[in-house]
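What you see is a predicted model; the values in this text were computed from it and never measured. Note: hydrogens, waters and symmetry copies are ignored here, and every other heavy atom, side chains too, is used.
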Amino acid sequence: MRTLLVACACIGLSAAQSSPAPQAPPAAADPTPVEIHVAYAVKTQYEAVRRLMTALADKMPAEHYAFQPTPEVKTFAASLAHIVSSNVNQCGVLVGRKHELAGQDLSKTMTTKEPLVQAVRQTFAFCDEYFNTLTDNGALTGKAYDSFTMRDGQRVPAKVQAGAAATSFLSHNNEMYGYMAVYLRLKGIVPPSSEPRK
């Protein structure tokens with residue numbers, strides 16, 4: 001029996017010695033750097049904020065659209081109406097025509113979930129007409145629009161390049177999303193940006 005065990009051990013040792021040692025995987029080649037142009041970055045940020053604002057409007061329950069954290073701040077519905085109004089005005093300049101909701105005080109005419117969710121979707125479909133055309137050879141820099149800015153408390157005329165208007169649009173939407181996400185948190189709802197991506 002002892003002889004048999006010794007023989008088995010020797011066979012096992014011999015097999016282990018004859019097996020090739022595991023090889024290290026070959027070194028990965030350096031990846032080719034990806035060029036991220038301004039138009040790509042702006043369009044990517046637009047797609048992100050469009051997804052988040054649309055999801056935010058969807059996720060707040062209808063009964064909380066009238067929620068007002070304190071008397072000094074707007075209701076959730078009024079804040080959403082504000083961003084819709086701002087977006088149709090800004091994108092109207094970029095697209096080159098007025099949206100049907102432009103010039104309206106939506107905070108008075110849209111106070112419930114269904115029309116506001118629909119308006120958010122319509123607004124971004126309108127804005128898509130500009131943001132989906134972005135390239136680095138013109139859509140951001142090729143045209144300037146008549147507008148105004150504030151200097152020392154005074155409203156003064158301004159020529160606004162398309163790219164400046166586009167980045168202002170993104171900044172305002174991100175600001176409003178961050179502000180309105182708190183409304184969801186106060187109702188115990190996880191904002192879309194804090195959900196795991198699927």
Cluster overlap L134 with V160, hydrophobic side-chain contacts below 4.5 Å: no
Heavy-atom donor-acceptor pair, H99 side chain to L101 backbone, under 3.5 Å: yes
Neighbour count >12 (heavy atoms, 6.0 Å) for atom CD, E63: yes
Minimum-distance pair of heavy atoms, taken over all atoms of N89 and A102: OD1-CB, 3.8 Å
Which atom of A166 lies closest to which atom of V42, heavy atoms considered: CB-CG1, 4.4 Å
Rounded distance [0.5 Å steps], SG in C91 versus CZ in R97: 10.5 Å
From CA spacing to verdict: side-chain contact (heavy atoms from CB on, under 4.5 Å), K187, F67: CA-CA 9 Å; K187 290 297 182 182; F67 174 54; 3.4 Å; yes
Main-chain N/O of L170 paired with Q45 side-chain donor or acceptor, under 3.5 Å: no
Backbone of N132 reached by a side-chain donor or acceptor of Y46 within 3.5 Å: no
Heavy-atom pair of closest approach, residues K74 and P69: O-CD, 4.1 Å
Verdict with reasoning, Y183 to I189, per side-chain contact (heavy atoms from CB on, under 4.5 Å): CA-CA 9 Å; Y183 285 60; I189 301 167; over 6 Å; no
Full working for side chain to side chain donor-acceptor pair (under 3.5 Å) between Y65 and T111: CA-CA 7 Å; Y65 262 60; T111 59; over 6 Å; no
Backbone of T167 reached by a side-chain donor or acceptor of S171 within 3.5 Å: no
Working for side chain to side chain donor-acceptor pair (under 3.5 Å), residues S86 and H172: CA-CA 9 Å; S86 177; H172 186 228; 3.1 Å; yes
Over 12 non-hydrogen atoms of neighbours within 6.0 angstrom of CD in Q154: no
Pairwise distance CZ(R121) to OG1(T54) - rounded to 0.5 angstrom: 5.5 Å
Single-linkage hydrophobic cluster, 4.5 Å side-chain cutoff, M180 and V190 together: no
Which atom of A165 lies closest to which atom of Q90, heavy atoms considered: O-NE2, 4.1 Å
Rounded distance [0.5 Å steps], SG in C127 versus CG in L94: 8.0 Å
From CA spacing to verdict: side-chain contact (heavy atoms from CB on, under 4.5 Å), F131, V95: CA-CA 9 Å; F131 285 96; V95 170; over 6 Å; no
Sidechain N-carboxylate O distance under 4.0 Å for K113, D58: no
Where T75 and A66 come nearest, the two heavy atoms and their spacing: CG2-O, 3.6 Å
Close side-chain approach of S79 and M176, heavy atoms under 4.5 Å: yes
For the student: nearest non-hydrogen atoms of M110 and A81, plus distance: O-CB, 4.3 Å
Verdict with supporting geometry, L184 and F76, side-chain contact (heavy atoms from CB on, under 4.5 Å): CA-CA 9 Å; L184 270 68; F76 183 85; 3.8 Å; yes
Between CG on residue N87 and CZ on residue F124, distance to nearest 0.5 Å: 5.0 Å
Interatomic distance, S107 atom OG to L80 atom CG [nearest 0.5 angstrom]: 11.5 Å
Separation of Y177 OH from R50 CZ (nearest 0.5 Å): 15.5 Å
